[in-house]
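These notes concern the structure reproduced below.
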Amino acid sequence: MALIVQKYGGTSVGSTDRIKNVAARVARSRTAGDQVVVVVSAMSGVTDNLIKLAKDLMPLPNEREMDVLLATGEQTTIALTAIALHSLDVPAVSMTGAQAGIVTDGVHTKAKIQNITPRRVHELLDAGNVVIVAGFQGQTIEGQITTLGRGGSDLTAIALTAALKADLCQIFTDVDGVYTADPRIVRDAKKLEEISYDEMLELASLGAKVMQSRSVEFAKKFGVVFEVRSSLNDNPGTIVKEETKTMEGIVVRGVSLDKNQAKVTLVAVPDKPGVAARIFKAIGDAAINVDMIVQNIGHGATDTVGATDLSFTVDKPDLTKAQKVIDGLKHELGFHQVIANDKIGKLSIVGVGMKSHTGVAGKMFETLAKEGVNIHMISTSEIKISVIIDLAKGEQASRAVHAAFLG
Ligand code: ADP
Ligand code: ASP
Ligand code: MG
(Lines give C-alpha, C1' and ligand atoms only; values in the text may rest on other atoms or scores of the structure.)
(Ligands and ions follow the chains in the order given, each with its own letter.)
Protein backbone atom coordinates (compact mmCIF):
# COMPACT_ATOMS: atom_id res chain seq x y z
CA MET A 1 0.00 0.00 0.00
CA ALA A 2 1.40 3.38 -1.00
CA LEU A 3 0.56 6.86 0.21
CA ILE A 4 -0.02 9.15 -2.76
CA VAL A 5 -0.47 12.92 -2.84
CA GLN A 6 -2.40 14.06 -5.92
CA LYS A 7 -2.84 17.72 -6.73
CA TYR A 8 -5.50 18.90 -9.17
CA GLY A 9 -5.24 22.45 -10.54
CA GLY A 10 -7.93 24.96 -11.40
CA THR A 11 -8.86 23.71 -14.88
CA SER A 12 -8.95 20.12 -13.61
CA VAL A 13 -11.66 21.10 -11.09
CA GLY A 14 -13.16 23.86 -13.26
CA SER A 15 -16.72 22.44 -13.41
CA THR A 16 -18.77 19.79 -11.63
CA ASP A 17 -18.06 17.45 -14.56
CA ARG A 18 -14.35 17.97 -14.08
CA ILE A 19 -14.72 17.40 -10.32
CA LYS A 20 -16.54 14.12 -11.08
CA ASN A 21 -13.59 13.17 -13.28
CA VAL A 22 -11.20 13.90 -10.40
CA ALA A 23 -13.32 11.85 -8.01
CA ALA A 24 -13.30 8.93 -10.44
CA ARG A 25 -9.51 9.07 -10.76
CA VAL A 26 -9.06 9.25 -7.00
CA ALA A 27 -11.49 6.36 -6.51
CA ARG A 28 -9.42 4.30 -8.96
CA SER A 29 -6.18 4.92 -7.04
CA ARG A 30 -7.94 3.96 -3.85
CA THR A 31 -9.35 0.74 -5.31
CA ALA A 32 -5.77 -0.16 -6.25
CA GLY A 33 -5.18 -0.19 -2.48
CA ASP A 34 -3.44 3.15 -2.02
CA GLN A 35 -4.08 5.86 0.54
CA VAL A 36 -4.75 9.14 -1.22
CA VAL A 37 -4.40 12.74 -0.12
CA VAL A 38 -5.90 15.12 -2.66
CA VAL A 39 -4.91 18.77 -2.87
CA VAL A 40 -7.18 20.97 -4.93
CA SER A 41 -7.04 24.52 -6.28
CA ALA A 42 -9.93 26.88 -6.65
CA MET A 43 -12.05 26.29 -9.77
CA SER A 44 -10.41 28.03 -12.73
CA GLY A 45 -11.07 31.76 -12.83
CA VAL A 46 -12.34 31.92 -9.25
CA THR A 47 -9.19 33.39 -7.66
CA ASP A 48 -8.84 35.98 -10.45
CA ASN A 49 -12.46 36.90 -10.02
CA LEU A 50 -12.17 37.35 -6.25
CA ILE A 51 -9.16 39.62 -6.77
CA LYS A 52 -11.13 41.63 -9.30
CA LEU A 53 -14.04 42.06 -6.88
CA ALA A 54 -11.74 43.41 -4.19
CA LYS A 55 -9.97 45.75 -6.62
CA ASP A 56 -13.32 47.10 -7.75
CA LEU A 57 -13.64 48.39 -4.19
CA MET A 58 -10.14 49.83 -3.87
CA PRO A 59 -6.85 49.52 -5.76
CA LEU A 60 -4.73 48.27 -2.84
CA PRO A 61 -6.99 46.16 -0.62
CA ASN A 62 -5.80 45.14 2.83
CA GLU A 63 -3.78 41.95 2.49
CA ARG A 64 -5.18 40.19 5.53
CA GLU A 65 -8.66 40.62 4.08
CA MET A 66 -7.42 39.42 0.69
CA ASP A 67 -6.33 36.17 2.30
CA VAL A 68 -9.68 35.70 4.03
CA LEU A 69 -11.29 36.28 0.64
CA LEU A 70 -9.00 34.16 -1.54
CA ALA A 71 -9.05 31.17 0.79
CA THR A 72 -12.76 30.75 0.03
CA GLY A 73 -11.92 29.61 -3.52
CA GLU A 74 -10.16 26.44 -2.39
CA GLN A 75 -12.64 25.89 0.42
CA THR A 76 -15.42 25.57 -2.16
CA THR A 77 -13.50 22.95 -4.13
CA ILE A 78 -12.53 20.71 -1.20
CA ALA A 79 -16.17 20.35 -0.17
CA LEU A 80 -17.36 19.71 -3.74
CA THR A 81 -14.63 17.10 -4.26
CA ALA A 82 -15.55 15.35 -1.01
CA ILE A 83 -19.22 15.34 -2.05
CA ALA A 84 -18.29 13.93 -5.49
CA LEU A 85 -16.38 11.11 -3.77
CA HIS A 86 -19.30 10.43 -1.44
CA SER A 87 -21.52 10.04 -4.50
CA LEU A 88 -19.19 7.19 -5.52
CA ASP A 89 -19.43 5.68 -2.03
CA VAL A 90 -15.83 6.62 -1.26
CA PRO A 91 -15.36 7.92 2.30
CA ALA A 92 -13.73 11.34 2.06
CA VAL A 93 -13.16 14.27 4.40
CA SER A 94 -12.28 17.82 3.36
CA MET A 95 -9.83 19.95 5.35
CA THR A 96 -8.83 23.58 5.12
CA GLY A 97 -5.10 24.31 5.20
CA ALA A 98 -5.35 25.17 8.89
CA GLN A 99 -7.21 21.95 9.71
CA ALA A 100 -4.51 19.98 7.87
CA GLY A 101 -1.91 21.53 10.20
CA ILE A 102 -0.24 23.91 7.75
CA VAL A 103 1.39 26.72 9.73
CA THR A 104 2.84 29.72 7.91
CA ASP A 105 4.48 33.03 8.69
CA GLY A 106 2.31 36.15 8.70
CA VAL A 107 3.23 37.64 5.31
CA HIS A 108 -0.28 37.87 3.92
CA THR A 109 -0.79 36.90 0.24
CA LYS A 110 2.68 35.33 0.00
CA ALA A 111 3.12 33.49 3.26
CA LYS A 112 5.87 30.88 3.69
CA ILE A 113 5.13 27.50 5.22
CA GLN A 114 6.91 27.20 8.57
CA ASN A 115 5.85 23.70 9.51
CA ILE A 116 3.18 21.11 8.97
CA THR A 117 1.77 18.86 11.67
CA PRO A 118 -0.36 16.42 9.69
CA ARG A 119 -1.46 14.28 12.65
CA ARG A 120 -5.15 14.69 11.85
CA VAL A 121 -4.54 13.87 8.16
CA HIS A 122 -2.85 10.59 9.18
CA GLU A 123 -5.70 9.72 11.52
CA LEU A 124 -8.33 10.27 8.85
CA LEU A 125 -6.31 8.27 6.30
CA ASP A 126 -5.88 5.42 8.76
CA ALA A 127 -9.63 5.40 9.31
CA GLY A 128 -10.02 4.67 5.58
CA ASN A 129 -10.77 8.14 4.23
CA VAL A 130 -9.54 10.02 1.24
CA VAL A 131 -8.37 13.33 2.68
CA ILE A 132 -8.94 16.43 0.56
CA VAL A 133 -6.83 19.42 1.53
CA ALA A 134 -7.38 22.97 0.35
CA GLY A 135 -4.35 24.13 -1.62
CA PHE A 136 -2.78 27.59 -1.43
CA GLN A 137 -3.67 28.32 2.20
CA GLY A 138 -2.48 27.99 5.76
CA GLN A 139 -2.75 29.70 9.10
CA THR A 140 -0.34 31.62 11.32
CA ILE A 141 0.27 30.40 14.86
CA GLU A 142 -2.05 33.20 15.94
CA GLY A 143 -4.82 31.71 13.81
CA GLN A 144 -4.82 34.21 10.93
CA ILE A 145 -5.74 32.78 7.50
CA THR A 146 -2.89 33.14 4.99
CA THR A 147 -2.28 32.27 1.34
CA LEU A 148 0.93 31.06 -0.28
CA GLY A 149 1.23 33.19 -3.43
CA ARG A 150 -0.37 32.56 -6.83
CA GLY A 151 -0.14 28.95 -7.93
CA GLY A 152 0.42 28.02 -4.28
CA SER A 153 -1.55 24.76 -4.38
CA ASP A 154 1.54 23.19 -5.95
CA LEU A 155 3.42 24.14 -2.80
CA THR A 156 0.73 22.67 -0.56
CA ALA A 157 1.04 19.36 -2.43
CA ILE A 158 4.82 19.20 -2.33
CA ALA A 159 5.06 20.29 1.30
CA LEU A 160 2.42 17.76 2.33
CA THR A 161 4.29 15.03 0.45
CA ALA A 162 7.38 15.83 2.50
CA ALA A 163 5.51 16.15 5.81
CA LEU A 164 3.51 12.95 5.32
CA LYS A 165 6.58 11.12 3.96
CA ALA A 166 4.32 10.06 1.08
CA ASP A 167 5.60 7.63 -1.54
CA LEU A 168 4.45 9.57 -4.59
CA CYS A 169 3.52 13.13 -5.56
CA GLN A 170 1.51 13.70 -8.72
CA ILE A 171 0.68 17.17 -9.99
CA PHE A 172 -2.31 16.84 -12.31
CA THR A 173 -2.86 19.73 -14.67
CA ASP A 174 -4.29 20.59 -18.08
CA VAL A 175 -1.20 19.68 -20.15
CA ASP A 176 0.60 16.33 -20.39
CA GLY A 177 3.70 17.47 -18.52
CA VAL A 178 6.49 20.01 -18.67
CA TYR A 179 7.28 21.03 -22.26
CA THR A 180 10.29 22.73 -23.85
CA ALA A 181 8.08 25.86 -23.97
CA ASP A 182 4.49 26.74 -23.17
CA PRO A 183 2.64 24.50 -25.65
CA ARG A 184 -0.05 27.16 -25.96
CA ILE A 185 2.48 29.62 -27.37
CA VAL A 186 4.98 27.37 -29.17
CA ARG A 187 3.02 24.76 -31.05
CA ASP A 188 5.93 22.40 -31.68
CA ALA A 189 7.13 22.40 -28.06
CA LYS A 190 8.06 18.89 -26.92
CA LYS A 191 7.17 17.13 -23.71
CA LEU A 192 10.16 16.36 -21.50
CA GLU A 193 10.44 12.94 -19.88
CA GLU A 194 12.42 14.40 -17.03
CA ILE A 195 13.88 17.69 -15.89
CA SER A 196 16.19 18.68 -13.04
CA TYR A 197 15.01 20.72 -10.06
CA ASP A 198 17.31 23.58 -11.06
CA GLU A 199 15.99 23.76 -14.60
CA MET A 200 12.37 23.46 -13.45
CA LEU A 201 13.03 26.13 -10.85
CA GLU A 202 14.43 28.54 -13.43
CA LEU A 203 11.64 27.84 -15.93
CA ALA A 204 9.03 28.27 -13.21
CA SER A 205 10.46 31.48 -11.82
CA LEU A 206 10.88 32.78 -15.37
CA GLY A 207 7.21 32.45 -16.18
CA ALA A 208 6.42 28.80 -17.02
CA LYS A 209 3.41 28.74 -14.74
CA VAL A 210 3.03 24.97 -15.01
CA MET A 211 4.68 24.82 -11.53
CA GLN A 212 4.82 27.50 -8.86
CA SER A 213 8.52 28.30 -8.42
CA ARG A 214 8.43 28.23 -4.62
CA SER A 215 7.03 24.71 -4.75
CA VAL A 216 9.99 23.57 -6.84
CA GLU A 217 12.39 25.26 -4.43
CA PHE A 218 10.75 23.34 -1.61
CA ALA A 219 10.89 20.04 -3.55
CA LYS A 220 14.61 20.52 -4.20
CA LYS A 221 15.32 21.36 -0.58
CA PHE A 222 13.50 18.29 0.74
CA GLY A 223 14.27 15.94 -2.16
CA VAL A 224 10.63 15.47 -3.16
CA VAL A 225 10.52 13.78 -6.57
CA PHE A 226 7.26 14.61 -8.35
CA GLU A 227 5.49 14.01 -11.61
CA VAL A 228 3.59 16.61 -13.65
CA ARG A 229 0.85 14.97 -15.74
CA SER A 230 -2.59 15.46 -17.21
CA SER A 231 -5.84 14.99 -15.33
CA LEU A 232 -7.57 14.32 -18.65
CA ASN A 233 -5.66 11.27 -19.93
CA ASP A 234 -3.28 8.55 -18.72
CA ASN A 235 -0.16 9.62 -20.62
CA PRO A 236 3.05 9.46 -18.63
CA GLY A 237 4.09 12.92 -17.50
CA THR A 238 7.38 14.61 -16.66
CA ILE A 239 9.47 13.54 -13.66
CA VAL A 240 11.14 16.40 -11.78
CA LYS A 241 14.19 15.29 -9.80
CA GLU A 242 17.84 15.95 -8.94
CA GLU A 243 20.13 16.61 -11.91
CA THR A 244 21.84 13.59 -13.49
CA LYS A 245 25.04 13.54 -15.57
CA THR A 246 23.20 12.86 -18.84
CA MET A 247 21.11 16.02 -18.45
CA GLU A 248 24.18 18.19 -19.08
CA GLY A 249 24.46 17.07 -22.70
CA ILE A 250 21.52 19.28 -23.64
CA VAL A 251 22.39 22.97 -23.80
CA VAL A 252 18.90 24.48 -23.69
CA ARG A 253 16.16 22.52 -21.94
CA GLY A 254 13.39 25.05 -22.33
CA VAL A 255 12.20 28.54 -23.26
CA SER A 256 9.87 30.59 -21.09
CA LEU A 257 8.03 33.85 -21.40
CA ASP A 258 6.95 35.79 -18.33
CA LYS A 259 4.16 38.23 -19.16
CA ASN A 260 3.66 39.11 -15.55
CA GLN A 261 6.57 41.54 -15.15
CA ALA A 262 6.65 45.30 -15.04
CA LYS A 263 9.58 47.69 -15.24
CA VAL A 264 10.17 50.71 -13.05
CA THR A 265 12.75 53.31 -14.11
CA LEU A 266 13.98 56.08 -11.85
CA VAL A 267 15.35 58.82 -14.08
CA ALA A 268 18.45 60.77 -13.02
CA VAL A 269 19.06 59.38 -9.57
CA PRO A 270 21.95 61.26 -7.85
CA ASP A 271 25.12 59.16 -8.14
CA LYS A 272 26.19 58.79 -4.52
CA PRO A 273 26.67 55.95 -2.04
CA GLY A 274 23.63 54.55 -0.25
CA VAL A 275 21.00 55.47 -2.82
CA ALA A 276 20.41 51.97 -4.17
CA ALA A 277 20.42 50.65 -0.62
CA ARG A 278 17.71 53.14 0.35
CA ILE A 279 15.53 52.29 -2.65
CA PHE A 280 15.72 48.51 -2.35
CA LYS A 281 15.41 48.50 1.43
CA ALA A 282 12.10 50.35 1.08
CA ILE A 283 10.94 48.00 -1.70
CA GLY A 284 11.96 44.97 0.37
CA ASP A 285 10.19 46.29 3.45
CA ALA A 286 6.99 46.41 1.40
CA ALA A 287 7.46 42.67 0.63
CA ILE A 288 7.88 43.37 -3.09
CA ASN A 289 10.13 40.96 -4.97
CA VAL A 290 12.61 42.64 -7.29
CA ASP A 291 13.97 40.63 -10.15
CA MET A 292 16.31 42.33 -12.62
CA ILE A 293 18.16 45.52 -11.71
CA VAL A 294 20.08 47.65 -14.19
CA GLN A 295 21.89 50.87 -13.33
CA ASN A 296 23.98 53.08 -15.55
CA ILE A 297 25.72 56.40 -14.99
CA GLY A 298 24.55 58.97 -17.51
CA HIS A 299 27.42 60.49 -19.50
CA GLY A 300 25.28 62.23 -22.08
CA ALA A 301 23.17 65.28 -21.41
CA THR A 302 24.78 67.72 -18.98
CA ASP A 303 21.87 67.71 -16.57
CA THR A 304 22.28 63.97 -16.03
CA VAL A 305 26.04 63.89 -15.53
CA GLY A 306 26.69 62.42 -12.11
CA ALA A 307 23.24 60.94 -12.13
CA THR A 308 22.22 57.41 -12.91
CA ASP A 309 19.15 55.87 -14.45
CA LEU A 310 18.05 52.90 -12.40
CA SER A 311 15.62 50.31 -13.72
CA PHE A 312 14.25 47.25 -12.03
CA THR A 313 11.48 44.76 -12.61
CA VAL A 314 8.74 43.56 -10.25
CA ASP A 315 5.73 41.29 -10.58
CA LYS A 316 2.98 43.17 -12.38
CA PRO A 317 0.50 43.01 -9.47
CA ASP A 318 3.10 44.73 -7.26
CA LEU A 319 3.59 47.66 -9.64
CA THR A 320 1.12 50.05 -7.98
CA LYS A 321 2.62 49.28 -4.59
CA ALA A 322 6.19 49.73 -5.89
CA GLN A 323 5.30 53.08 -7.48
CA LYS A 324 3.80 54.26 -4.21
CA VAL A 325 6.96 53.30 -2.30
CA ILE A 326 9.22 55.02 -4.86
CA ASP A 327 7.06 58.16 -4.96
CA GLY A 328 7.51 58.37 -1.19
CA LEU A 329 11.30 58.57 -1.68
CA LYS A 330 11.28 61.28 -4.35
CA HIS A 331 11.82 64.20 -2.02
CA GLU A 332 14.53 62.42 0.00
CA LEU A 333 16.52 61.11 -2.99
CA GLY A 334 15.91 63.85 -5.54
CA PHE A 335 15.57 61.85 -8.75
CA HIS A 336 13.78 63.50 -11.70
CA GLN A 337 10.97 61.13 -12.56
CA VAL A 338 9.60 57.60 -12.28
CA ILE A 339 8.53 55.72 -15.40
CA ALA A 340 6.47 52.56 -15.04
CA ASN A 341 6.05 50.16 -17.95
CA ASP A 342 3.84 47.10 -17.69
CA LYS A 343 3.95 46.28 -21.41
CA ILE A 344 7.10 44.19 -21.15
CA GLY A 345 7.84 40.48 -21.22
CA LYS A 346 10.78 38.48 -19.98
CA LEU A 347 11.99 35.85 -22.42
CA SER A 348 14.43 33.26 -21.09
CA ILE A 349 16.31 30.16 -22.13
CA VAL A 350 17.27 27.63 -19.49
CA GLY A 351 19.56 24.60 -19.40
CA VAL A 352 22.15 23.07 -17.07
CA GLY A 353 24.20 22.33 -20.20
CA MET A 354 24.90 26.08 -20.60
CA LYS A 355 27.51 25.74 -17.86
CA SER A 356 29.77 23.93 -20.31
CA HIS A 357 28.82 25.51 -23.65
CA THR A 358 29.82 28.85 -25.19
CA GLY A 359 28.13 31.09 -27.74
CA VAL A 360 24.63 30.58 -26.36
CA ALA A 361 23.96 34.27 -25.60
CA GLY A 362 25.25 35.33 -29.03
CA LYS A 363 22.93 32.90 -30.77
CA MET A 364 19.94 34.08 -28.72
CA PHE A 365 20.59 37.79 -29.39
CA GLU A 366 21.18 37.15 -33.09
CA THR A 367 17.86 35.31 -33.31
CA LEU A 368 16.09 38.25 -31.65
CA ALA A 369 17.83 40.75 -33.94
CA LYS A 370 16.62 38.84 -37.00
CA GLU A 371 13.07 39.11 -35.64
CA GLY A 372 13.50 42.85 -35.12
CA VAL A 373 13.09 42.49 -31.36
CA ASN A 374 14.71 45.19 -29.26
CA ILE A 375 16.29 44.15 -25.93
CA HIS A 376 15.66 46.47 -22.93
CA MET A 377 17.51 44.53 -20.21
CA ILE A 378 19.65 41.39 -20.02
CA SER A 379 20.48 39.14 -17.12
CA THR A 380 22.30 35.83 -16.99
CA SER A 381 23.18 33.08 -14.56
CA GLU A 382 25.09 29.84 -15.02
CA ILE A 383 22.04 28.07 -16.42
CA LYS A 384 19.87 30.81 -17.91
CA ILE A 385 19.79 33.92 -20.07
CA SER A 386 16.87 36.35 -19.76
CA VAL A 387 15.97 39.44 -21.74
CA ILE A 388 13.29 42.05 -21.21
CA ILE A 389 11.51 42.88 -24.46
CA ASP A 390 8.25 44.50 -25.57
CA LEU A 391 5.30 42.37 -24.54
CA ALA A 392 3.77 42.68 -27.99
CA LYS A 393 6.72 40.79 -29.48
CA GLY A 394 6.94 38.18 -26.71
CA GLU A 395 5.20 35.26 -28.36
CA GLN A 396 6.82 35.77 -31.75
CA ALA A 397 10.23 35.98 -30.06
CA SER A 398 9.52 32.82 -28.01
CA ARG A 399 8.75 30.86 -31.15
CA ALA A 400 11.87 32.10 -32.92
CA VAL A 401 14.18 31.35 -29.99
CA HIS A 402 12.58 27.94 -29.48
CA ALA A 403 13.10 27.12 -33.17
CA ALA A 404 16.75 28.24 -32.98
CA PHE A 405 17.64 26.07 -29.98
CA LEU A 406 15.05 23.32 -29.80
CA GLY A 407 13.39 23.19 -33.25
P1 ADP B 1 -3.10 24.36 -12.87
O2 ADP B 1 -4.37 25.12 -12.84
O3 ADP B 1 -3.28 22.90 -13.09
O4 ADP B 1 -2.20 24.66 -11.70
P5 ADP B 1 -1.63 26.16 -14.53
O6 ADP B 1 -2.52 26.94 -15.44
O7 ADP B 1 -1.12 26.82 -13.30
O8 ADP B 1 -2.36 24.80 -14.18
O9 ADP B 1 -0.36 25.60 -15.33
C10 ADP B 1 -0.56 24.86 -16.50
C11 ADP B 1 -0.31 25.74 -17.73
O12 ADP B 1 1.07 26.13 -17.74
C13 ADP B 1 -0.50 25.07 -19.06
O14 ADP B 1 -1.84 25.14 -19.46
C15 ADP B 1 0.45 25.79 -19.98
O16 ADP B 1 -0.20 26.71 -20.82
C17 ADP B 1 1.35 26.57 -19.05
N18 ADP B 1 2.78 26.37 -19.32
C19 ADP B 1 3.69 27.38 -19.41
N20 ADP B 1 4.90 26.90 -19.69
C21 ADP B 1 4.78 25.56 -19.78
C22 ADP B 1 5.72 24.50 -20.04
N23 ADP B 1 7.01 24.74 -20.26
N24 ADP B 1 5.25 23.24 -20.05
C25 ADP B 1 3.93 22.98 -19.81
N26 ADP B 1 3.01 23.94 -19.57
C27 ADP B 1 3.41 25.22 -19.55
N1 ASP C 1 -6.13 29.35 -6.65
C2 ASP C 1 -4.79 29.87 -6.50
C3 ASP C 1 -4.39 30.65 -7.73
O4 ASP C 1 -5.17 30.76 -8.67
C5 ASP C 1 -3.78 28.80 -6.17
C6 ASP C 1 -3.59 27.74 -7.21
O7 ASP C 1 -4.39 27.61 -8.14
O8 ASP C 1 -2.59 27.00 -7.12
O9 ASP C 1 -3.33 31.18 -7.78
MG1 MG D 1 -0.89 26.28 -11.27
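Quick note: numbers below take in every heavy atom, side chains included, and nothing from hydrogens, waters or symmetry partners. Predicted, not measured: the structure shown is a model, and the values here were computed from it. When a ligand or atom number is given, it counts from 1 through the structure's own listing order.
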Please list the nearest protein heavy atom to [atom] with its residue and the distance rounded to 0.1 Å.
atom: atom 27 (C) of ligand 1; result: Val210 CB, 3.6 Å
atom: atom 8 (O) of ligand 1; result: Thr173 OG1, 3.1 Å
atom: atom 11 (C) of ligand 1; result: Asp174 OD1, 3.9 Å
atom: atom 9 (O) of ligand 2; result: Arg150 NE, 2.7 Å
atom: atom 7 (O) of ligand 2; result: Ser41 OG, 3.1 Å

Judging by distance only, is a nitrogen or oxygen of [X] under 3.5 angstrom from one on ligand 1?
X: Ser41; answer: no
X: Lys209; answer: yes
X: Gly10; answer: yes

Mark up the atoms of ligand 1 that fall under 4.0 Å of a heavy atom belonging to [X], in ascending order.
X: Tyr179; result: 22 (C), 23 (N), 24 (N), 25 (C)
X: Val178; result: 24 (N)
X: Ala208; result: 19 (C), 20 (N)
X: Val175; result: 13 (C), 14 (O), 25 (C), 26 (N)
X: Gly9; result: 1 (P), 2 (O), 3 (O), 4 (O)

Of all the atoms in ligand 2, which lie at a distance below 4.0 Å from a heavy atom belonging to Gly151? 3 (C), 5 (C), 6 (C), 8 (O), 9 (O)
Ligand 2 atoms in contact with Phe136 (distance to a heavy atom under 4.0 Å): 2 (C), 5 (C)
For residues [X] and [Y], report the shortest heavy-atom separation together with the two atoms involved.
X: Thr238; Y: Leu192; value: OG1-O, 2.6 Å
X: Phe218; Y: Ala162; value: CE2-CB, 4.1 Å
X: Leu310; Y: Gln295; value: CD1-OE1, 3.1 Å

Ignoring hydrogens, just give me the one of Asp182, Leu257, Ile195 whose non-hydrogen atom is nearest atom 16 (O) of ligand 1. Asp182
Give a yes/no on ligand 2: does [X] have at least one heavy atom closer than 4.0 angstrom to it?
X: Gly135; answer: no
X: Glu74; answer: yes
X: Gly9; answer: no

Salt bridge [X]-[Y], side-chain N to carboxylate O under 4.0 Å:
X: Lys52; Y: Asp48; result: no
X: Glu395; Y: Lys259; result: yes
X: Glu217; Y: Arg214; result: no
X: Arg253; Y: Asp198; result: no

Do [X] side-chain atoms and [Y] backbone N/O form a donor-acceptor pair below 3.5 Å?
X: Lys316; Y: Asp342; answer: yes
X: Asn260; Y: Asp315; answer: no
X: Lys190; Y: Leu406; answer: yes
X: Thr156; Y: Phe136; answer: yes

Check contact between [X] and ligand 1, using heavy atoms of the residue and a distance below 4.0 angstrom.
X: Lys7; answer: yes
X: Ala181; answer: yes
X: Gly177; answer: yes
X: Pro183; answer: yes

CG-CG distance between Leu69 and Asn62, expressed to the nearest 0.5 angstrom: 11.5 Å
About how many Å separate CD1 of Ile383 and CD of Glu243, when rounded to the nearest 0.5 Å? 7.5 Å
Taking atom CD as the centre, does Glu332 end up with more than 12 heavy-atom neighbours from other residues, nucleotides or ligands that are less than 6.0 angstrom away? yes
